[in-house]
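Structure, as structure tokens:
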Amino acid sequence: MSGRTFYITTPIYYVNDVPHIGHAYTTVACDTVSRYKRLCGYDVFFLTGTDEHGQKIEQAAQKRGITPKALADEVVQRYQGLWNVLNISNTDFIRTTDEKHKAAVRKIFRTMRDKGDIYVDHYEGWYCTPCETYLTETQLLDGNCCPSCGRETSKLKEPSYFFKMSKYGDTLLKHIEENKDFIRPESRRNEIISFIKEGLRDLSVSRVSFKWGIPVPEDEEHVIYVWLDALTNYIAALGYGVDDDSNFKKYWPADFHVVGKDILRFHTVYWPTMLLSAGIELPKSVFAHGWWTVEGQKMSKSMGNAIDPNWLVEKFGVDAIRYFLLREVPFGLDGDFSFKGLIHRINGDLANDLGNLLNRTMGMVNRYFDGIVPAYTEKGAYDEALETLVSRVFDEVDGHLNNLAFNKALASLWELVSGLNKYIDDNAPWALAKDEAKKDALGSVLYTVLDGIRLVSLLLYPFIPDTAVKIRKQLNTGLDIEKADEKSLKAIRKLESGQKLGEAEQLFPRIDEKEMLESLKPAEKPAEKKEEVVEAIDFAYFSKMVLKAAKVVDAEKVEKSDKLLKLKIDLGGGEVRQVVSGIAKSYSADDMKGKTVAVVANLKPAKLMGIVSEAMILAATVGDKHVVVELPDNIEAGTVIK
Ligand code: MSP
């Protein structure tokens with residue numbers, strides 16, 4: 001060990017979601033770099049965890065009728081379980097509900113406040129009362145309507161602590177300009193530079209509108225803003241804010257914060273200015289990766305297409321998934337997950353190129369040397385070229401992995417796989433085997449290939465560790481996979497001779513594409529299990545709701561909205577009411593006129609886009625399509641529905 005340290009982090013994942021391949025992607029990427037750095041002798045700290053505070057989590061828990069902590073305790077297991085399944089070698093798993101995390105958040109808040117960088121003012125924003133959420137101007141729909149429930153929001157003010165972020169704009173800009181690697185990739189760096197140049201505003205860092213969070217020290221009415229809370233995890237895990245901060249001294253600053261492109265600004269503006277205020281060194285690099293779509297579509301809960309990685313692993317194997325995620329797209333760009341693409345990678349790269357190399361070599365050693373690893377005794381005509389290739393590939397993989405260019409690293413490594421296949425073809429061991437006098441040459445060729453496979457297994461290990469270990473079992477080598485450094489890693493002819501090869505096992509059986517695609521037909525694909533807990537209500541509660549038949553007497557489209565219709569409904573007994581309904585994507589005004597529909601007649605009036613709605617038309621909702629509940633024409637307006 002050289003005493004070199006390496007610290008890498010994933011974002012901490014929200015517990016109001018279930019893990020999908022987007023989350024798996026970041027974590028597998030960080031795992032790969034961590035494993036590689038360990039292989040090179042670094043003392044690695046690899047951190048992941050969960051982000052458990054905030055209003056959304058409070059609301060999600062409320063809906064389920066459980067406490068936010070109980071919700072977090074449940075969801076956290078899904079993340080930890082998945083990391084197990086995906087062979088993630090994290091050093092620590094931090095939860096923002098951990099005591100040591102809370103201590104760190106309190107400490108950084110106090111330090112920033114003592115510095116004079118925190119002051120009290122008012123936070124003003126658009127507030128949706130039913131959803132209990134503040135929204136930014138850009139999130140609002142159709143004027144000032146809430147994007148999730150469609151209702152009108154109102155401008156509200158609440159007292160809030162503010163962080164003087166604006167004070168650090170120039171220092172941050174200078175840091176970014178002087179440290180080319182601070183934000184990667186380059187295109188993202190430019191985005192952030194422009195953002196800072198527009199001028200930073202002070203940041204509201206506390207809320208009084210909900211409770212689920214870390215209270216502001218010495219003012220418990222406020223909870224600390226979730227991003228200030230969450231970002232602090234990166235130093236909290238190292239012991240910042242508790243007595244034993246030896247890991248903080250040892251590993252900080254982080255070598256890499258790896259994040260998705262959507263949360264780059266939090267990591268390259270909020271976080272570094274917080275650190276500047278608290279007098280803590282900045283991380284060395286923040287890398288933003290792209291987003292995955294699934295079969296060309298955005299992944300989302302409502303689409304039900306967020307693939308469960310556990311299911312994928314069950315179906316295709318952990319290493320096929322790890323390999324695909326890292327090979328398919330450049331790390332900074334968006335990518336598409338398709339089953340066809342996955343099957344092609346498995347059949348082409350893994351089964352054909354890699355699998356065949358091992359199979360054919362093992363087959364020949366079994367055939368010509370009774371499965372005993374021969375010795376290297378004779379230099380052959382193609383050896384030097386192969387040695388040069390090995391050295392180049394190791395250097396390239398090192399360079400690429402230090403830049404998180406996983407796909408390029410794998411492409412380089414596959415040059416070695418192809419180089420070894422070519423080496424076999426050039427030397428034609430089957431021809432050498434025909435001549436007893438060429439036994440030494442034959443042995444040397446096969447030894448060189450086996451040793452080459454050992455070298456491949458070393459570089460495969462960070463990406464697909466199970467496969468690397470399987471290969472080494474088949475080589476029956478006693479060499480330890482994790483003890484090396486960049487230089488000795490590429491040393492050739494280290495494989496022992498004279499031992500019997502292990503049992504031959506196919507690494508990646510070929511997949512019949514047609515059959516597999518057939519077996520993945522819709523029912524199975526969206527494997528995310530939607531767990532909706534429905535609260536049971538008693539009859540008394542139900543009977544408070546007045547449902548009635550109503551005749552639509554008039555209807556028109558609401559201007560400037562593609563979702564809303566304004567209708568006049570007859571509720572019998574001469575009562576006509578106005579209703580605003582979000583069905584315009586499925587029904588025109590004319591479609592609705594004359595229909596007899598079911599409505600909730602005793603709903604408190606609400607305003608939608610400034611128009612009062614005095615009842616609600618019932619409809620079945622499928623995605624963004626609606627089918628209203630219609631009654632036969634002979635049902636009179638005002639008839640009660642029970
Ligand atoms: N809790 C915050 C992060 C706080 S870090 C101090 C958060 N959590 S998240 O669960 O919503 O997202 C975690 C990560 O998953 C983000 O980096 C995000 O970019 C990533 N992804 C979410 N969906 C994704 C895809 N479809 N594709 C790739 N990554 C995606 O944000």
Side-chain angles (χ1 to χ4, degrees), residues 8-30 47-57 60 71-72 75-76 78-79 82-83 86 93-98 101 104-105 108 188 205 212-214 224-238 240 254 256-272 274-275 283 286-309 312 321 324-326 328-338 404 406 526 528:
I8 188 164
T9 66
T10 72
I12 47 172
Y13 303 104
Y14 284 131
V15 289
N16 59 342
D17 205 353
V18 290
H20 57 60
I21 55 166
H23 307 130
Y25 185 45
T26 328
T27 314
V28 166
C30 290
L47 179 68
T48 188
T50 39
D51 190 352
E52 307 186 359
H53 291 131
Q55 193 172 21
K56 279 197 190 140
I57 288 143
L71 174 76
V75 180
V76 83
R78 301 199 199 176
Y79 281 101
L82 177 62
W83 303 153
L86 285 170
F93 187 101
I94 190 156
R95 301 179 57 179
T96 55
T97 47
D98 289 344
H101 175 81
V105 174
I108 199 166
R188 302 269 165 220
V205 288
W212 180 235
I214 302 172
I224 292 176
Y225 174 50
V226 276
W227 274 100
L228 193 151
D229 169 345
L231 289 160
T232 306
N233 91 87
Y234 300 131
I235 50 177
L238 300 181
Y240 172 84
F256 278 111
H257 288 319
V258 181
V259 301
K261 61 181 184 180
D262 54 319
I263 56 172
L264 183 65
R265 194 180 291 176
F266 299 103
H267 284 81
T268 53
V269 180
Y270 293 14
W271 180 225
M274 281 167 60
L275 291 170
V286 181
F287 198 111
H289 65 70
W291 265 47
W292 284 93
T293 48
V294 172
E295 306 281 355
Q297 288 194 315
K298 208 177 146 200
M299 237 191 300
S300 78
K301 256 190 179 175
S302 55
M303 300 268 300
N305 65 346
I307 303 179
D308 175 2
L312 270 183
I321 301 305
F324 179 78
L325 290 175
L326 297 175
E328 194 64 3
V329 283
F331 199 54
L333 302 183
D334 293 341
D336 185 47
F337 185 97
S338 76
L404 309 195
F406 301 97
E528 181 191 322

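Order of listing sets the numbers, starting from 1, for every ligand and every atom in it. Please read all numbers here as calculations on a predicted model, not as lab measurements.
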Check: Heavy-atom distance under 4.5 Å between the side chains of Pro11 and Ile263, does that happen here?
Finding: yes
Next item on the list: May I ask you to decide if the ring planes of His53 and Trp212 are parallel, tilted or perpendicular, using 30° and 60° as cut-offs?
Entry: perpendicular
Next item on the list: Go through ligand 1 atom by atom and flag the ones less than 4.0 Å from a non-hydrogen atom of His20.
Entry: 22 (C), 23 (N), 24 (C)
Note to self: Please check whether Thr26 reaches ligand 1 - meaning an N/O of the residue sits under 3.5 Å from an N/O of the ligand, judged on distance alone.
What the structure shows: no
Notebook entry, point to check: Is there a heavy atom in Phe266 that sits closer than 4.0 Å to ligand 1?
Noted result: no
Check: For Glu52, does its backbone N or O pair with a side-chain atom of Thr96 as donor and acceptor, under 3.5 Å?
Finding: yes
Notebook entry, point to check: What are the atoms of ligand 1, with element, lying closer than 4.0 Å to any heavy atom of His289?
Noted result: 28 (C), 29 (N)
Checklist line | Shortest protein contact, atom 15 (O) of ligand 1 (heavy atom only) | finding: His23 CD2, 3.4 Å
Item checked: Heavy-atom side-chain proximity of Tyr234 to His267 below 4.5 angstrom -> yes
Checklist line | Nearest neighbour of atom 18 (C) of ligand 1 from the list Asp262, Val259, Leu264, on a heavy-atom basis | finding: Asp262
Check: What atoms in ligand 1 come closer than 4.0 Å to a heavy atom of Ala230?
Finding: 6 (C)
Next item on the list: Return yes when Gly290 approaches ligand 1 closer than 4.0 angstrom through a heavy atom, no otherwise.
Entry: yes
Note to self: In the complex you have, is atom 25 (C) of ligand 1 within reach of the protein, judged by whether a heavy-atom distance drops under 4.0 Å?
What the structure shows: yes
Note to self: Testing the basics here: between Ile21 and Val294, what is the closest heavy-atom pair and its distance to 0.1 Å?
What the structure shows: CD1-CG2, 4.3 Å
Note to self: Determine whether the aromatic ring centres of residues Tyr270 and Trp227 are separated by less than 6.0 angstrom.
What the structure shows: no
Next item on the list: Report yes if Trp227 has an N/O atom closer than 3.5 Å to an N/O atom of ligand 1; otherwise report no.
Entry: no
Note to self: Checking a contact table here: which protein heavy atom is nearest atom 3 (C) of ligand 1, and how many Å away?
What the structure shows: Ile12 O, 3.2 Å
Notebook entry, point to check: Applying a 4.0 Å heavy-atom criterion (strictly less than), which segment of Lys298 is in contact with ligand 1: side chain, backbone, both, or neither?
Noted result: neither
Note to self: side chain to side chain donor-acceptor pair (under 3.5 Å) for Thr27 and Tyr79? Distances and angles first, verdict last.
What the structure shows: CA-CA 10 Å; Thr27 314; Tyr79 281 101; over 6 Å; no
Note to self: Measuring from non-hydrogen atoms of Ile263 to any atom of ligand 1, is the shortest distance under 4.0 Å?
What the structure shows: yes
Checklist line | Atom indices of ligand 1 within 4.0 angstrom of Trp292 heavy atoms, with elements | finding: 25 (C), 26 (N), 27 (N), 28 (C)
Check: Asp51 heavy atoms, cut-off 4.0 Å: which ligand 1 atoms fall inside?
Finding: 1 (N), 2 (C), 4 (C)
Next item on the list: Answer yes or no: is there a side-chain heavy-atom contact under 4.5 Å between Trp271 and Val286?
Entry: no
Note to self: Give me the residue, atom name and distance of the protein heavy atom closest to atom 8 (N) of ligand 1.
What the structure shows: Tyr14 CD1, 3.3 Å
Check: Distance-only, no hydrogens or angles: does the Asp336 side chain make a donor-acceptor pair with backbone N or O of Gly296 under 3.5 Å?
Finding: yes
Note to self: Under 4.0 Å, heavy-atom basis, I'd like to know which part of Tyr234 is in contact with ligand 1: side chain, backbone, both or neither.
What the structure shows: side chain
Notebook entry, point to check: Hey, what do you get for OG1 (Thr232) to CE (Met274), rounding to the nearest 0.5 Å?
Noted result: 3.5 Å
Next item on the list: Tell me whether the centres of the aromatic rings in His20 and Phe337 are closer together than 6.0 Å.
Entry: no
Notebook entry, point to check: Considering only heavy atoms of His267, which atoms of ligand 1 have at least one such atom less than 4.0 Å away?
Noted result: 5 (S), 6 (C)
Check: Can you tell me which residue and heavy atom of the protein come closest to atom 13 (C) of ligand 1, and the distance to 0.1 Å?
Finding: Tyr13 CD2, 3.4 Å
Check: Quick one: CG on Leu47 to CD1 on Ile12, what's the gap to the nearest 0.5 Å?
Finding: 8.5 Å
Checklist line | Per-atom contacts, ligand 1 versus Gly260 - under 4.0 Å to a heavy atom | finding: 17 (O), 19 (O)
